[in-house]
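Here's the structure, in structure tokens; my notes come after.
Keep in mind it's a predicted model, so treat the numbers as computed, not measured. Within every chain, numbering begins at 1; the chains are lettered A, B, ... in the order of the sequence lines, protein sequences first and strands thereafter.
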There are 2 protein chains.
Amino acid sequence: MITPQLRASRSLHESVRQELLNRIQNGAYLPNLPIPSTATLSSEFGVSPITIKRALRDLQAIGAVTAIAGKGTFVKEQRRFLIDLSDGIAHLETANVRLMSIANEKISDPAMEMFNPPGEATLCVRKMIFFAGEPPLAYDSTYLSPDVDEAIIDKFAARPVTEALGRLGIRIRNISYLIDASTAARKVAEIFAIPNGYPMLRRLYKVTTTKKGLTIFGILQAPFDRLSYSLNIQSEN
Amino acid sequence: MITPQLRASRSLHESVRQELLNRIQNGAYLPNLPIPSTATLSSEFGVSPITIKRALRDLQAIGAVTAIAGKGTFVKEQRRFLIDLSDGIAHLETANVRLMSIANEKISDPAMEMFNPPGEATLCVRKMIFFAGEPPLAYDSTYLSPDVDEAIIDKFAARPVTEALGRLGIRIRNISYLIDASTAARKVAEIFAIPNGYPMLRRLYKVTTTKKGLTIFGILQAPFDRLSYSLNIQSEN
DNA sequence: GAGTGGTCTAGACCACCCT
DNA sequence: GGGTGGTCTAGACCACTCC
């Protein structure tokens with residue numbers, strides 16, 4: 001029921017959304033289990049099914065539930081992965097990688113311009129990063145100079161960036177990061193099974209190495225509710 | 001018009017959204033100016049006004065437009081502020097601050113637990129950070145030990161955290177950051193005039209100082225499309 | 001075949017802004 | 001008063017899943 005204090009001058013769909021969110025946070029609705037159907041909720045709350053749908057869609061947008069047509073609406077389990085950037089290395093040693101594509105491509109993301117990327121086409125290696133038995137964690141697009149050795153490309157296709165460099169015995173000279181949030185592109189949204197436009201936490205990077213001519217650009221992005229970054233800075237002296 | 005290649009198996013409201021987004025990116029619709037009304041677009045595209053509204057609401061969710069009831073729907077100007085964290089200091093010297101509230105409060109955000117915050121109530125100073133002539137940039141909640149001097153509280157009420165410490169002549173020993181994205185709470189959404197649940201880029205911090213007993217916790221959050229962080233890491237040797 | 005969520009439409013009412 | 005976006009409803013159709 002929508003009680004007056006829940007209502008509190010909000011619109012109906014907002015009140016419904018809040019009540020459903022309360023139930024999720026109370027544990028009345030459990031993770032990975034379906035909540036009652038639209039029709040059931042409609043009669044329980046005494047509001048139109050459309051209003052229920054509206055509330056559910058907003059709950060999807062904030063990452064609280066996932067709706068699967070024909071099955072039901074499920075409470076999302078909240079688990080964030082933490083990456084520590086204090087030493088510049090994003091530790092992903094135990095992560096699995098699935099290669100998605102390798103293609104010649106220009107770097108087009110406007111946020112990338114900060115790193116003064118090459119204007120010519122680069123070799124773009126796209127891959128998914130995940131842990132066994134878990135939904136995909138991140139999607140990485142690595143841009144390499146088109147004339148790099150095939151052995152190097154293979155390593156980048158199979159490992160996260162810093163792990164690939166480690167295996168190749170290439171030393172890092174400098175890393176620049178840009179962390180921002182941006183909405184998911186259509187293709188990325190499909191991969192993660194999230195609504196189009198879902199916010200992604202992104203880490204754009206430029207890695208310069210001691211190997212002559214080897215500078216790596218890239219973007220690692222993850223659904224905003226799956227990842228966070230930590231950073232520790234000691235003051236000098 | 002919704003051309004077949006724009007349609008491309010998408011749902012109607014997705015096609016409409018994409019077409020409107022194209023027009024914004026092409027410059028056909030200009031920043032800070034209203035786009036045609038729902039009714040106009042409805043007849044132009046030959047779809048129901050409801051479908052137009054759906055597309056517009058999704059465009060609001062991704063930060064492309066702002067709708068103002070009674071006035072129209074306006075193209076949002078995209079301007080991101082960049083904060084460099086390389087030296088641990090978030091440079092906000094020229095920013096203005098508006099104090100929102102000072103209250104006794106417990107730290108309740110679950111993401112904060114990483115810093116092992118005190119369980120007791122703290123003094124919470126909430127403020128808005130903005131640049132003259134611009135929409136608000138960020139919202140900061142600083143948690144101080146309840147027994148700090150009033151002079152210190154005043155400085156934190158009037159300046160961003162690191163600027164306040166600088167003015168007070170207090171040295172920083174260590175800073176820990178946690179960067180994540182989370183959805184806006186109701187109150188924050190009102191302050192920024194963004195839809196409820198809008199994604200915010202957050203930086204949680206714990207600052208330890210050389211002044212005995214003075215450890216500062218806090219959360220600085222900004223609409224995801226207004227802020228980004230950069231970080232540069234030199235390799236040793 | 002029954003139940004699920006997703007889409008699209010039609011129509012009504014409201015609060016708000018501007019002139 | 002006429003235009004705007006926001007809300008809520010009713011009803012229909014579809015694709016999908018599960019039994």
Distance below 4.0 Å between A:R54 side-chain N/O and D:dT7 OP1 or OP2: yes
Residues that A:T142 engages under side chain to side chain donor-acceptor pair (under 3.5 Å), provided they are two or more places apart: A:D140, A:Y205
Output a table of donor-acceptor pairs, distance under 3.5 Å, between side-chain atoms of residues 52-65 of chain B and any protein atom two or more places apart or on a different chain; print 'none' if there are none.
| residue | atom | partner | partner atom | Å |
| --- | --- | --- | --- | --- |
| B:R54 | NE | B:D58 | OD2 | 3.2 |
| B:R54 | NH2 | B:H13 | NE2 | 3.3 |

Distance in angstrom units between A:L59 CG and C:dG6 P, rounded: 12 Å
Atom-to-atom span, CD1 of A:I68 to C1' of D:dT17 - whole angstrom: 10 Å
Distance in angstrom units between A:I52 CD1 and C:dT4 C1', rounded: 15 Å
Residue closer to the 5' end of DNA chain D, B:S37 versus B:R57 (nearest nucleotide): B:S37
Partner set under ring pair (Phe, Tyr, Trp, His ring centres under 6.0 Å) for B:Y198, not counting sequence neighbours: B:F224
Distances for protein N or O near nucleotides 9-15 of chain D N or O, under 3.5 Å:
| residue | atom | partner | partner atom | Å |
| --- | --- | --- | --- | --- |
| D:dT9 | OP2 | A:S48 | N | 3.1 |
| D:dT9 | OP2 | A:T51 | OG1 | 2.3 |

Closest to the B:A39 side chain, choosing from D:dT4, D:dC8, D:dG5: D:dT4
Between side-chain atoms of residues 124-134 of chain B and protein atoms elsewhere (two or more places apart, or another chain), which donor-acceptor pairs fall under 3.5 Å?
| residue | atom | partner | partner atom | Å |
| --- | --- | --- | --- | --- |
| B:R126 | NH1 | B:S141 | OG | 2.8 |
| B:R126 | NH2 | B:E105 | OE1 | 3.4 |
| B:R126 | NH2 | B:E105 | OE2 | 2.2 |
| B:K127 | NZ | B:F156 | O | 2.6 |
| B:K127 | NZ | B:R159 | O | 3.1 |
| B:E134 | OE2 | B:R79 | NH1 | 3.4 |
| B:E134 | OE2 | B:R79 | NH2 | 3.0 |

Protein-nucleotide distance (A:L20, atom CG; C:dG5, atom P), rounded to Å: 12 Å
Integer-rounded Å distance: D:dT4 C1' and B:L33 CG: 16 Å
Phosphate OP1/OP2 of D:dG6: any B:Q60 side-chain N/O under 4.0 Å: yes
Donor-acceptor under 3.5 Å (A:R226 side chain, A:P135 main chain): yes
Short side-chain N/O contact to C:dC18 OP1/OP2 from B:K71, under 4.0 Å: yes
Length of the CG-P vector between A:N196 and C:dT7, whole Å: 11 Å
Considering only distance and modelled atom types, tabulate donor-acceptor pairs under 3.5 Å from the side chains of residues 24-39 of chain B, sequence neighbours left out.
| residue | atom | partner | partner atom | Å |
| --- | --- | --- | --- | --- |
| B:N26 | ND2 | B:N22 | O | 3.2 |
| B:Y29 | OH | B:R23 | NH1 | 2.6 |
| B:N32 | ND2 | B:E77 | OE1 | 3.1 |
| B:S37 | OG | B:T40 | N | 3.2 |
| B:S37 | OG | B:T40 | OG1 | 2.9 |

For atom CZ of A:F74 and atom P of C:dG6, their distance in whole Å: 12 Å
A:L85 vs B:I179 side-chain heavy atoms within contact, under 4.5 Å: no
